[in-house]
Structures are given as structure tokens and as C-alpha cells.
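Here the structure is laid out as C-alpha cells; the discussion comes afterwards.
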Amino acid sequence: DQQVKQNSPSLSVQEGRISILNCDYTNSMFDYFLWYKKYPAEGPTFLISISSIKDKNEDGRFTVFLNKSAKHLSLHIVPSQPGDSAVYFCAASGSISGGYNKLIFGAGTRLAVHP
Amino acid sequence: ETGVTQSPTHLIKTRGQQVTLRCSSQSGHNTVSWYQQALGQGPQFIFQYYREEENGRGNFPPRFSGLQFPNYSSELNVNALELDDSALYLCASSRQQETQYFGPGTRLLVL
């Protein structure tokens, strides 16, 4: 049973436009969420996180939105750049997952930013 | 500041063999977590070590075991390898209950 779902396996966006990556979770006991980016042959790189006490967190071109009632979060990248092309993973943690250091990951969304 | 490193980068084993993967944590981090990433999936939590003790385990059989050393580096051992163990094995280090930073991974192929 997947507790964290990324229903879009891939997304293609034009350079300069907004990229929106979505993630849904099933358990309301998750209270901390993270986004990681992964290039081929590298490990996941931490991008941005959000606690369940917030509904938005921003860091430069990256903004994460959390809708607790819908159990949904999204990552917005504005403007998108070709270097953003990678696989993006959503992850959740909390007491329900066995502790804040046990991350539950989605399957990932492959973002392609084209000129 | 040195990041998380893992060795080896690639490994080929045959069914039934045993393997040891190694991870050096980032400076100042005392917690190491191990994940298995199968093709087309997200990473799955195997277990975590904090101050040399196992501190949480995912749904993996006992033939997956680990160690953490006084310098906070870690090993993942897998006994009696199965074909389905073929995957990318990721190590992540952190301070306790803070953001995890991943190494580049070890790609294991079991034939």
C-alpha cells in the first residue's frame, strides 16, 4: 500500500514556464514533507521541506504548498530551467512512519525542461 | 565539508553470496539511514543507525543487517543474495531528526 503517491511519472515543461509537481499522501499522521531531486548516477539532493504547521514554504525559485485537508502537496519551480531536468521525489515522515528520520518516498516524477 | 560517500559504486554478485556496502557520513552527522531503490521506484527505508545502535527498521528481512562505527560511518550487509536484491543502495546521513543528505549510492546487480 503506497502511502506517498506521485501519480505523474513524467512532466515536460518549456524553459521559463512554471513546473508543478504533485504528491498525495494517505496518512494524516505524516507531519513533515520533503522534496528531493535526483540526477542520473547521483544520490537524491535535498531541495525544500515543509512542516504540517505551515501551508507554504519558499526558497528562491522553489515553493512547496501543503493542503492538509486534501492530503496533497505540490512543488512549484518558477522559472523552469534546463538544469532542473531530473527526477523529483516527494517524501513524508512523522511519528507514524517510525520517526522523523524514516522517510517514505513516492515513486518520483521525471521533469524535462526543454528550450 | 565532505559530503556523504559510498563504496563501491558498482558491484556484481551471484545469488546466494554475501555483500558489504560502506558509507561515510557527512562531517558533524551522527545518524545514518540506508535505503533500497529498485528500478522505477522511490527509495525504501531499510534501517537507521544512531550512535552505533539500530534506531528503526523497515520491512526488510533479517538477512539485511548493518553496523555503525564510532566515527559514524556505516556498513550494510546482505546475506544470501536474491535476484530481487538488485537495486541502488543509498546511504543518507543527518543529525538526529534533521534533514537527510544522500550519498551517490551503490548499484548492486545480482545474477
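Every chain is numbered from 1 and lettered A, B, ... according to where its sequence line falls, protein lines coming before strand lines. All figures in this text were calculated on a predicted structure; none of them were measured in a lab. Values below: all heavy atoms of this structure, side chains included; hydrogens, waters and symmetry mates excluded.
Hydrophobic clustering (ILVMFWY, side-chain heavy atoms < 4.5 Å, transitive): B:Tyr50 and B:Val4 are in distinct clusters. Put simply, A:Trp35 and A:Ile20 are part of two different groups of oily side chains (I, L, V, M, F, W, Y) that touch within less than 4.5 Å, one to the next. Linking ILVMFWY residues whenever their side-chain heavy atoms come closer than 4.5 Å, directly or via other members, leaves B:Tyr101 and B:Tyr49 in distinct clusters. A single hydrophobic cluster is not seen to contain both B:Leu88 and B:Val78; linkage of ILVMFWY side chains at heavy-atom distances under 4.5 Å, directly or through other members, places them apart. Two different hydrophobic clusters hold B:Trp34 and B:Phe45 under the rule that ILVMFWY side chains link at heavy-atom gaps under 4.5 Å.
Atom OH of A:Tyr36 sits about 6.0 Å away from atom OG1 of B:Thr99, to the nearest 0.5 Å.
Contacts of residues 43-76 of chain A with chain B at a heavy-atom distance below 4.5 Å involve A:Gly43, A:Pro44, A:Phe46, listed in sequence order. Residue-level contacts of residues 105-115 of chain A with chain B, in order of numbering, are A:Phe105, A:Gly106, A:Ala107; threshold 4.5 Å between heavy atoms.
For residues 17-33 of chain B, the set of pairs meeting the salt bridge (Lys or Arg N to Asp or Glu O under 4.0 Å) definition, not counting sequence neighbours, comprises B:Arg22-B:Glu75.
Partners of B:Asp85 according to the salt bridge (Lys or Arg N to Asp or Glu O under 4.0 Å) rule, which considers only residues two or more places apart in sequence or in another chain, are B:Arg63.
When all heavy atoms of A:Phe89 and B:Gln37 are compared, the closest pair comes out as CZ-NE2, 3.3 Å. Between B:Arg57 and A:Lys102, the closest heavy-atom pair is O-NZ, 4.4 Å.
In this structure, B:Leu39 places its CG atom where only 12 or fewer heavy-atom neighbours from other residues, nucleotides or ligands lie under 6.0 Å away. Within 6.0 Å of CG on B:Asn59 lie no more than 12 heavy atoms contributed by other residues, nucleotides or ligands.
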